[in-house]
Amino acid sequence: MKIEVKARNRAHAFDAEPGSRVLYAGLGQAIDLPYECGSGTCGTCKARLLSGEIDDLWPEAPGRKYLKQADEFLMCQCAARGPLSIEVASFVEDLEPDVCIPRAASGRIVAARLLTHDVMSLRIALAAPLSFDAGQFVLVQVPGIDGYRGWSMVNHAKDALELDFVIKKKPDGKLSDWLFSATPAGTAVELFGPLGAATFYPELDKNILCIAGGSGIAGMMSILERAARADYFASHDGDVFFGVRSMKDAFFLDEFSRLRAACGERLRVTIAFSEEPASDALRASHPLLQFETGFVHEVAGRGMQGRYQGVRAYLAGPPPAVDACVRMLLMARVSTDNIRYDKFS
Ligand code: FES
């Protein structure tokens with residue numbers, strides 16, 4: 001059935017299967033509809049229903065708080081019952097020809113391992129290869145648990161048969177309760193992706209600044225791996241600021257040390273502990289990394305002073321932390337086009 005979209009710049013039309021979410025149907029046909037999380041929390045995919053009928057697949061979606069009128073709905077959580085005419089407030093373009101077009105996929109969890117007391121590394125083997133850019137995420141749905149969750153890939157490959165993730169345990173999160181209390185290996189999952197505009201490719205020709213809190217570091221690892229493989233830090237600067245609360249919350253320190261050793265001095269990695277200073281033993285065991293105390297955006301602000309020229313910034317973490325980083329970067333006159341972020345709660 002046909003879905004017509006009116007946007008500020010133009011009108012579009014695309015087909016949708018009965019029951020498919022409006023956002024996923026449009027993105028799957030290379031229509032760049034507005035979205036951020038794709039999973040019902042941010043409200044960015046808000047649209048107005050001009051005609052037709054929809055089913056709301058998750059009436060309790062937190063992103064519904066951004067709906068102000070009765071005819072507004074979240075494209076990522078609603079499916080068309082028949083032909084629709086809808087309106088979105090922002091611009092809509094065709095996706096660039098070289099971006100990876102998102103699609104539905106299926107796979108199986110094949111490995112799960114605790115990295116800290118509340119962070120897990122997870123691997124999903126796909127039934128068919130999936131191409132994605134460094135820094136992107138997929139939406140994952142586990143049988144028996146409502147809705148999709150957005151997880152950023154740690155690895156990077158063009159035709160990947162395996163996706164690696166870092167998952168943080170959420171208080172009262174149904175999915176994370178299950179992941180952290182059961183043995184998830186062997187579970188079949190449904191996916192949609194890849195998604196996200198916080199992407200890196202070597203032709204970018206910019207210095208890289210990554211600021212991440214907790215499991216937000218996943219997409220940054222994908223970017224760093226991609227950059228390291230292209231020998232990017234032989235000709236560009238890279239600054240990584242990774243924030244966690246305390247030493248018991250830290251992970252990927254060995255991976256950072258390995259990357260730093262492979263990429264040389266133009267890649268600088270700083271671990272920011274917000275609640276305690278790093279111990280001498282930790283510093284001694286990771287001599288190529290820098291350790292600071294404070295919130296990650298404050299540590300990054302001090303470390304980057306006067307060094308924002310030619311930077312593309314990637315940010316990931318809880319919304320207040322990302323917002324603080326965006327304000328800092330705008331004050332430093334980094335253009336909005338060079339500030340890419342993923343917020344997660
Ligand atoms: Fe739909 Fe975030 S993209 S609520």
Side-chain angles (χ1 to χ4, degrees), residues 3 5-8 12 14 16-17 19-50 52 54-80 84 86-93 95 99-105 132-133 135-141 145-153 168 170 173-175 190-199 215-216 218-219 315-323 326 339-345:
I3 299 187
V5 190
K6 290 189 179 139
R8 263 201 285 169
H12 275 281
F14 57 90
E17 294 292 321
S20 67
R21 292 162 198 250
V22 173
L23 178 72
Y24 301 179
L27 293 176
Q29 286 164 71
I31 310 290
D32 194 10
L33 297 169
Y35 77 94
E36 272 180 34
C37 69
S39 56
T41 58
C42 71
T44 307
C45 66
K46 179 169 85 172
R48 205 154 75 84
L49 184 62
L50 302 178
I54 51 170
D55 285 317
D56 194 337
L57 304 178
W58 190 19
E60 300 81 31
R64 282 183 58 83
K65 65 175 178 257
Y66 300 105
L67 307 181
K68 302 295 178 221
Q69 308 293 332
D71 58 0
E72 291 177 340
F73 69 102
L74 298 176
M75 289 188 286
C76 71
Q77 298 306 319
C78 292
L84 288 187
I86 66 175
E87 183 179 69
V88 296
S90 49
F91 290 94
V92 173
E93 307 289 350
L95 285 173
V99 307
C100 303
I101 306 295
R103 62 173 176 80
F132 61 93
D133 288 319
Q136 289 198 292
F137 65 96
V138 292
L139 298 168
V140 181
Q141 186 174 41
I145 297 177
D146 282 345
Y148 285 83
R149 307 294 189 283
W151 292 347
S152 294
M153 279 71 83
K168 181 157 170 58
K170 285 187 187 164
K174 272 191 199 159
L175 179 57
E190 298 298 320
L191 302 97
F192 182 82
L195 297 171
T199 53
S215 59
L315 317 171
V322 172
D323 290 342
V326 170
I339 304 174
R340 303 293 173 99
Y341 56 83
D342 279 329
K343 293 182 193 177
F344 56 83
S345 46

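Sequential numbering from 1 along the given sequence is applied to the chain's residues. Ligands are counted one by one from 1 in listed order, and the atoms in each one are counted from 1 as well.
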* Arg64 to Trp58 - nearest heavy-atom pair and separation -> CD-O, 4.2 Å
* Is the shortest distance from a Lys or Arg side-chain nitrogen in Lys6 or Glu87 to a carboxylate oxygen in the other one below 4.0 Å? -> no
* Pairing residues for Tyr341 by the ring pair (Phe, Tyr, Trp, His ring centres under 6.0 Å) criterion, not counting sequence neighbours -> none
* Structure fact -> Arg149 meets the side-chain hydrogen bond (donor to acceptor under 3.5 Å, both in side chains) criterion, sequence neighbours left out, with none
* Asked: Given Glu72, which of Leu67, Ile86, Leu49 fulfils the side chain to side chain contact (heavy atoms under 4.5 Å, CB included) condition?
  -> Leu67
* Protein N, O or S atoms less than 2.8 Å from atom 1 (Fe) of ligand 1, ignoring waters? -> Cys45 SG, Cys76 SG
* With Phe192 via ring pair (Phe, Tyr, Trp, His ring centres under 6.0 Å) - residues at least two apart -> Tyr24
